[in-house]
Trainee: 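First the structure, which I've put down as structure tokens, then a few questions once you've had a look.
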Amino acid sequence: MASIKDVAAEAGVSVATVSRVLNDHPSVSPAARATVLAAVETLGYRPNAVARSLRTDQTRTLGLVISDVLNPYFTELARSVEEEARALGYSVIIGNADERPELQDHHVRTLLDRRIDGLLVSPTDGGSPLMLDAARAGTAMVFVDRWIPGMDVPVVRADGRTAIHDLVTHLHTLGHRRLAIIAGPAATTTGSERVDAFRDALQEYGLPLPDAYIGQGDFQAASGRRVTEEFLDLPEPPEVVFAADNLMALGALDAIRARGMRVPDDIALAAFDDIAWFVHTDPPITAIAQPTPELGRAAVRALVDRIEGRPPQSVTLPARLVVRRSCGESRGEPPHPSLSPQRSNT
């Protein structure tokens, strides 16, 4: 059976170059890649991942537990994680928590049993004894998008506070005064953070946020429909519904249309977590976009730093407002200028 040294000799390159090609590392030139792959084909070389892990005590495998694989935001995040991991020579095993803490812990336990080298998690709630024990035991771990307060684990996330302030400013400029929010679960950091940012921005403009205008959702479309129906049944319904994630926004849109109402003529709609679908709705939905691919790549780099003995860093990137036409904007209104990225190290 051919070895990696045989492939290097056949291709006339170093063993390190062969390893980079096999791990799809971007630093290898197209010519060298073609030469190595031709040698692999000629010799019938197949890497033995099991033997390699036994020699190095590493599996070159990362675990990723995401909150909801049906949410396009997390689908895009998972894709960028897989691409960056592959470029750095790692494989990824993905577990879908479906916004259920018990399923999240099941995936975490299973991944740890499989001897993964490190774990990326977007927690479904504010506490998990299993993850706390894993972190204390020295498991390489990074939180992405969401985090568990009080745990000494690097966090890679987007800061939506400024973008939410920009949204409220935009809505106020358009003349809207009664603004409501469909909130995510209060047990998640993103759920509570977005409500707090929304309330703070309203206070800056002297606008109230009555309890009736705070609807409790769960980051699922059905909750967006339910909460919006409750808003529409109020004696004085809001002028704007701001959904704190994309699936709840789609549920809100369903509820509005089911009443025979139109966006934005009868009620305006905005969302956190921009998705490609929003440009195809009628009207296109004004939304806050997170730098999702950058978050996925940064999370992998932070985790690999931890695995390979380098000090990992928390990273915070800004979200930005994308203005479309679901809040009463005119067709010719320019989009809100993008915010410049920034990196926060902790």
Side-chain angles (χ1 to χ4, degrees), residues 49-50 52-69 71 73-75 77-82 84-86 88-158 184-193 219 295-316 344-346:
V50 174
R52 184 169 61 238
S53 70
L54 291 174
R55 289 195 304 269
T56 65
D57 200 31
Q58 285 189 329
T59 61
R60 305 295 292 182
T61 303
L62 310 179
L64 169 65
V65 181
I66 55 176
S67 304
D68 184 3
V69 73
N71 186 322
Y73 165 76
F74 285 111
T75 304
L77 183 71
R79 179 179 180 177
S80 64
V81 164
E82 194 280 330
E84 184 68 13
R86 177 160 40 87
L88 296 176
Y90 288 81
S91 299
V92 179
I93 301 175
I94 300 175
N96 172 37
D98 201 27
E99 297 291 357
R100 293 161 51 194
E102 71 279 6
L103 188 53
Q104 164 195 275
D105 283 359
H106 165 76
H107 288 305
V108 169
R109 188 176 295 107
T110 300
L111 290 166
L112 293 176
D113 288 345
R114 293 192 176 191
R115 298 178 59 248
I116 57 168
D117 294 335
L119 185 62
L120 293 168
V121 185
S122 179
T124 59
D125 63 3
S128 168
L130 174 63
M131 280 193 282
L132 180 59
D133 289 345
R136 287 173 173 169
T139 300
M141 188 184 306
V142 170
F143 291 140
V144 57
D145 183 66
R146 308 174 188 176
W147 64 99
I148 297 177
M151 283 188 63
D152 187 18
V153 173
V155 180
V156 175
R157 57 181 286 263
T188 64
T189 48
T190 49
S192 59
E193 182 183 67
F219 290 140
L295 290 173
R297 291 193 289 268
V300 172
R301 290 194 294 268
L303 184 58
V304 171
D305 281 346
R306 170 71 172 79
I307 292 168
E308 298 182 355
R310 297 181 293 274
Q313 295 179 325
S314 291
V315 177
T316 301
S344 173
N345 301 331
T346 61

Trainee: Which heavy-atom pair separates Gly118 from Leu303 by the least distance, and what is that distance?
Mentor: C-CD2, 3.7 Å
Trainee: Roughly how far apart are Asp133 CG and Arg109 CZ, rounded to 0.5 Å?
Mentor: 10.5 Å
Trainee: Do any N or O atoms from the side chain of His107 and from the backbone of Asn96 form a donor-acceptor pair under 3.5 angstrom?
Mentor: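 Yes, His107 side chain to Asn96 backbone: donor-acceptor pair under 3.5 Å.
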Trainee: How long is the straight-line distance from CG of Leu64 back to CG of Leu77, given to the nearest 0.5 Å?
Mentor: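 One finds 6.5 Å between CG of Leu77 and CG of Leu64.
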Trainee: Walk me through it: do Ser67 and Arg146 pass the test side chain to side chain donor-acceptor pair (under 3.5 Å)?
Mentor: CA-CA 9 Å; Ser67 304; Arg146 308 174 188 176; 3.1 Å; yes
Trainee: Closest approach of Pro123 and Gln104, non-hydrogen atoms and distance?
Mentor: CA-OE1, 3.2 Å
Trainee: Among Thr61, Asp117, Thr59, Ile116, which residue meets the side-chain contact (heavy atoms from CB on, under 4.5 Å) test with Tyr90?
Mentor: Asp117
Trainee: With a 3.5 Å distance limit and no angle check, can you tell me whether Thr139 reaches the backbone of Ala135 through a side-chain donor-acceptor pair?
Mentor: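 Such a contact is absent between Thr139 side chain and Ala135 backbone.
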Trainee: Using every non-hydrogen atom in the two residues, find where Ala97 and Thr124 come nearest and quote the distance to one decimal.
Mentor: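 Nearest pair, atom of Ala97 first, then Thr124: CB-CG2, 3.6 Å.
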Trainee: Working to the nearest 0.5 Å, report the span between CD of Glu84 and CZ of Arg79.
Mentor: 14.0 Å
Trainee: Is there a side-chain contact between Thr189 and Pro149 (heavy atoms, below 4.5 Å)?
Mentor: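 Heavy-atom side-chain distance check passes, below 4.5 Å.
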Trainee: Going through the distances and angles, do Asp98 and Asp68 end up as a side-chain contact (heavy atoms from CB on, under 4.5 Å)?
Mentor: CA-CA 5 Å; Asp98 201 27; Asp68 184 3; 4.0 Å; yes
Trainee: Could you report the tightest heavy-atom contact between Ser122 and Phe74, atom names first, then the distance?
Mentor: OG-CE2, 3.4 Å
Trainee: Got Tyr73 and Leu295 here, is their nearest side-chain heavy-atom distance under 4.5 Å?
Mentor: yes
Trainee: In sequence, state the C-alpha distance, the side-chain angles, and the governing distance for His106 and Arg100, and then conclude on side-chain contact (heavy atoms from CB on, under 4.5 Å).
Mentor: CA-CA 10 Å; His106 165 76; Arg100 293 161 51 194; over 6 Å; no
Trainee: Could you measure the distance from the OG1 atom of Thr190 to the CZ atom of Arg157? Nearest 0.5 Å is fine.
Mentor: 9.5 Å
Trainee: Where is the tightest heavy-atom contact between Val142 and Val153, given as atom of each residue plus distance?
Mentor: CA-CG1, 3.8 Å
Trainee: Say you draw a straight line from CD1 of Ile307 to CZ of Arg310; how long is it, rounded to the nearest 0.5 Å?
Mentor: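 CZ of Arg310 is found 9.5 Å from CD1 of Ile307.
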Trainee: For Asp113, does the CG atom sit with more than 12 other heavy atoms under 6.0 Å from it, leaving out its own atoms?
Mentor: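 More than 12 within 6.0 Å, yes.
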Trainee: So, Ser314 side chain and Pro154 main chain: donor-acceptor pair closer than 3.5 Å or not?
Mentor: no
Trainee: Measuring from atom OG1 of Thr188 to atom CD1 of Ile148, what distance do you get when rounded to the nearest 0.5 angstrom?
Mentor: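 Those atoms lie 11.5 Å apart.
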Trainee: Check whether any side-chain heavy atom of Leu132 lies under 4.5 Å from a side-chain heavy atom of Met151, and answer yes or no.
Mentor: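 When only atoms from C-beta onward are counted, Met151 and Leu132 do touch, with a gap below 4.5 Å.
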Trainee: Can you give me the closest heavy-atom contact between Val304 and Leu88, atom names plus distance?
Mentor: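 Heavy atoms only, the tightest pair is CG2-CD1, 4.0 Å.
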Trainee: With a 4.5 Å heavy-atom cut-off, do Asp305 and Gln313 have their side chains touching?
Mentor: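 No - every pair of side-chain heavy atoms lies 4.5 Å or more apart.
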